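Contents: one structure, followed by commentary.
Just so you know, these numbers use all the heavy atoms, side chains as well, and skip hydrogens, waters and symmetry mates. Keep in mind the model is a prediction, meaning the values are calculated, not measured. In what follows, every chain begins at residue 1, and chains take the letters A, B, ... in the order their sequences are listed.
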Amino acid sequence: MKEAIHFEITHVCKQTGARTGILHTPHGDVETPMFMPVGTQATVKFLSPEEIKEIGAGVILSNTYHCWLRPGEDVIAHAGGLQKFMNYNGPMLTDSGGFQVFSLSDQRKILEEGVHFKSHLDGSPLFLSPEKSIEIQNKLGADIIMCLDECAPYPATYDYMKNSVERTLRWAKRCKEAHQRPADQALFGIVQGGEYEDLRALSAKTLAEMDFPGYSIGGTSVGESKECMYRMIDYSVKYLPWEKPRYLMGVGSVDAILEGILRNVDMFDCVLPTRIARHGTCMTSQGRVNIKKKEYEMDLSPLDPECDCYTCRNYTKSYLRHLHRANEGLGSRLLSIHNLRFLIHIAEEARKAIKEDRYGDFKDEMFKKYNLNSIDSRGF
RNA sequence: GGAGAGGUAGCGAAGUGGCUAAACGCGGCUGACUGUAACUCAGUUCCCAUCGGGUUCGGCAGUUCGAAUCUGCCCCUCUCCA
């Protein structure tokens, strides 16, 4: 049967075993490892599709739960799918609503059949089952879609996690069976299991046997230490088929991305760069810069002298500070462009280093440059 | 010159006898943010200090057990009329 996507591994770093690849999708080819901007409700907040393209983004995300509530999947289907609806002519991925099981945990109840939510918009009762999530995602039409999972909290007891993982595996099976458009949309399984190695192994092995076109690693970045996150990745990747793409969900700090790439993760997404941009924090070659600070009032230099983004080519810190303080949308937009470009550029540099068989050196240089280490969790 | 209003922390502005080192907003400083209920949230912002202490509400002098709050005088600002 024709698969929606095809993953081609193009190089394996002789120094570290890290890999580069090309993900062929119905909306174009993208190189991996890559960082994917998040556009929850069919928009990467404040950015136009042209701007998203210009920063070098390959895939962008959207979200099942949010698009379901507003504008509604039928509205998007009527427009011809997410890409046409939002005028983004590139690959897209939709999350299943599994993260909302975590983030909206105080207004939902998990049952075997699915998840009952109380709408965060108007309080109305909602029911999201694996089948419903897939049905919505079929209508949204992204190139890659996700199984409905429970992104479990951290810490969680072994018994809680075992119960959760087993249910998520049953849901994965139901998602696969419900999927109507496998030739157009690749359905990824999501490895869960928290910090427990045997549960991660159970999850990864079971999903691998089900033969998905790609695999996500979920349940990370939920409050655990970096060291714990890296173990979760190790426990998961170990049991996944080498030739399929791996996607570490919700991870977007520089150190974690670099560690993930070392562990053969191919795809990353995170709201961090866009959220902190809106809050005035910038990821730069000089470390984090808080544009609110008075010391930038008269600073006519670019945000990051090493950056090639639209913002850094055209605007001063003084102006960016003004925009942010004045609560002008252009400030959020320019800082979001920069932060996304920063992470996408890191991924580009990582790919280059892998192809030149020096990823280990590259990672060490980056950790040194940003004063990071593999154990501690502050991160960047 | 006459009539009126007012002077509170970096700024604006509450408070009008004890619960007030003084609400609130802005500004300042810290910090957080990871498959987005987040252009958000938390802390801090007179001085010194670990408890705690020391100076404040235009100035000076009073009343009172106690004053930013009441009284007198003085200084300054604004509005209107000459």
Next on the checklist: My understanding is that a pair needs two contacts under 3.5 Å, Watson-Crick or G-U wobble. By that rule, which nucleotide pairs with B/A42?
Outcome noted: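 B/A42 is paired, partner B/U30.
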Under 4.0 Å, heavy atoms only, any strand: does [X] hit a base, just the sugar-phosphate, or nothing?
X: A/Gly223; value: nothing
X: A/Leu93; value: nothing
X: A/Ser216; value: nothing
X: A/Gln192; value: base

Checklist entry - Expressed in angstrom and rounded to an integer, what is the separation of A/Arg288 atom CZ from B/U30 atom C1'? => result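 Whole-Å distance recorded here is 15 Å.
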Checklist entry - Taking CG from A/Leu340 and P from B/U34, how many angstroms apart are they, rounded to a whole number? => result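 Rounded to whole Å, this separation is 16 Å.
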Next on the checklist: Give the residues of residues 198-207 of chain A touching RNA chain B, defined as any heavy atom closer than 4.0 Å, sorted by residue number.
Outcome noted: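 Within this stretch, nothing sits under 4.0 Å of the strand.
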Checklist entry - Between A/Tyr215 and A/Phe212, how do the two ring planes meet: parallel, tilted or perpendicular, split at 30° and 60°? => result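 Aromatic pair A/Tyr215/A/Phe212 classed perpendicular.
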Item to check | Any residue meeting ring-ring contact (aromatic ring centres under 6.0 Å, His included) with A/His116, in chain and number order, not counting sequence neighbours | outcome: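 ring-ring contact (aromatic ring centres under 6.0 Å, His included) check on A/His116 returns A/Phe127.
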Next on the checklist: A/Phe367: which residues meet the ring-ring contact (aromatic ring centres under 6.0 Å, His included) condition with it, sequence neighbours left out?
Outcome noted: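 Residues passing ring-ring contact (aromatic ring centres under 6.0 Å, His included) with A/Phe367: none at all.
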Quick test: give all pairs of protein nitrogen or oxygen and nucleotides 26-29 of chain B nitrogen or oxygen below 3.5 Å, distance rounded to 0.1 Å.
{"from": "B/G27", "atom 1": "O3'", "to": "A/Arg325", "atom 2": "NH1", "distance (Å)": "3.0"}
{"from": "B/G28", "atom 1": "OP1", "to": "A/Arg321", "atom 2": "NH2", "distance (Å)": "2.6"}
{"from": "B/G28", "atom 1": "OP1", "to": "A/Arg325", "atom 2": "NH1", "distance (Å)": "2.2"}
{"from": "B/G28", "atom 1": "OP2", "to": "A/Arg325", "atom 2": "NH1", "distance (Å)": "3.2"}
{"from": "B/C29", "atom 1": "OP1", "to": "A/Lys294", "atom 2": "N", "distance (Å)": "2.8"}

By side chain to side chain donor-acceptor pair (under 3.5 Å) - contacts of [X] (at least two apart):
X: A/Lys293; result: none
X: A/Ser203; result: none
X: A/Glu195; result: none
X: A/Asp74; result: A/Lys139

Distances for protein N/O vs nucleotides 36-39 of chain B N/O pairs under 3.5 angstrom?
{"from": "B/U36", "atom 1": "OP1", "to": "A/Asn63", "atom 2": "ND2", "distance (Å)": "3.1"}
{"from": "B/U36", "atom 1": "OP1", "to": "A/Asp95", "atom 2": "OD2", "distance (Å)": "3.4"}
{"from": "B/U36", "atom 1": "OP2", "to": "A/Thr40", "atom 2": "OG1", "distance (Å)": "3.0"}
{"from": "B/U36", "atom 1": "O4'", "to": "A/Arg275", "atom 2": "NH2", "distance (Å)": "3.1"}
{"from": "B/U36", "atom 1": "O3'", "to": "A/His66", "atom 2": "NE2", "distance (Å)": "3.3"}
{"from": "B/U36", "atom 1": "O3'", "to": "A/Gln100", "atom 2": "NE2", "distance (Å)": "3.3"}
{"from": "B/U36", "atom 1": "O2", "to": "A/Arg275", "atom 2": "NH2", "distance (Å)": "3.3"}
{"from": "B/U36", "atom 1": "N3", "to": "A/Arg278", "atom 2": "NH2", "distance (Å)": "2.7"}
{"from": "B/U36", "atom 1": "O4", "to": "A/Thr274", "atom 2": "OG1", "distance (Å)": "2.6"}
{"from": "B/U36", "atom 1": "O4", "to": "A/Arg278", "atom 2": "NH2", "distance (Å)": "3.2"}
{"from": "B/A37", "atom 1": "OP2", "to": "A/Ser103", "atom 2": "OG", "distance (Å)": "2.5"}
{"from": "B/A37", "atom 1": "O5'", "to": "A/His66", "atom 2": "NE2", "distance (Å)": "3.0"}
{"from": "B/A37", "atom 1": "N6", "to": "A/Gln107", "atom 2": "NE2", "distance (Å)": "2.1"}
{"from": "B/A37", "atom 1": "N1", "to": "A/Gln107", "atom 2": "NE2", "distance (Å)": "2.9"}
{"from": "B/A38", "atom 1": "O2'", "to": "A/Arg278", "atom 2": "NH1", "distance (Å)": "3.2"}
{"from": "B/A38", "atom 1": "N7", "to": "A/Arg275", "atom 2": "NH2", "distance (Å)": "3.0"}
{"from": "B/C39", "atom 1": "OP2", "to": "A/Arg278", "atom 2": "NH1", "distance (Å)": "2.5"}
{"from": "B/C39", "atom 1": "O2'", "to": "A/Asn327", "atom 2": "OD1", "distance (Å)": "3.1"}
{"from": "B/C39", "atom 1": "O2", "to": "A/Asn327", "atom 2": "OD1", "distance (Å)": "2.8"}

Checklist entry - What side-chain hydrogen bond (donor to acceptor under 3.5 Å, both in side chains) pairs are there with at least one residue in residues 271-282 of chain A, not counting sequence neighbours? => result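 Of all non-adjacent pairs touching residues 271-282 of chain A, none passes side-chain hydrogen bond (donor to acceptor under 3.5 Å, both in side chains).
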Checklist entry - Of A/Met249 and A/Gly280, whose nearest nucleotide on RNA chain B comes first from the 5' end? => result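 Its nucleotide being nearer the 5' end, the pick is A/Met249.
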Checklist entry - Applying ring-ring contact (aromatic ring centres under 6.0 Å, His included), which residue pairs with at least one partner in residues 13-61 of chain A are found, sequence neighbours left out? => result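 Sorted result for residues 13-61 of chain A: A/His6-A/His24.
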Next on the checklist: Enumerate the ring-ring contact (aromatic ring centres under 6.0 Å, His included) contacts for residues 164-204 of chain A, please, sequence neighbours excluded, ordered by first and then second residue.
Outcome noted: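 ring-ring contact (aromatic ring centres under 6.0 Å, His included) check on residues 164-204 of chain A returns A/Tyr158-A/Tyr196.
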Checklist entry - With side chains defined as the heavy atoms from C-beta onward, is the minimum distance between A/Ser124 and A/Lys118 less than 4.5 Å? => result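 Heavy-atom side-chain distance check fails, nothing below 4.5 Å.
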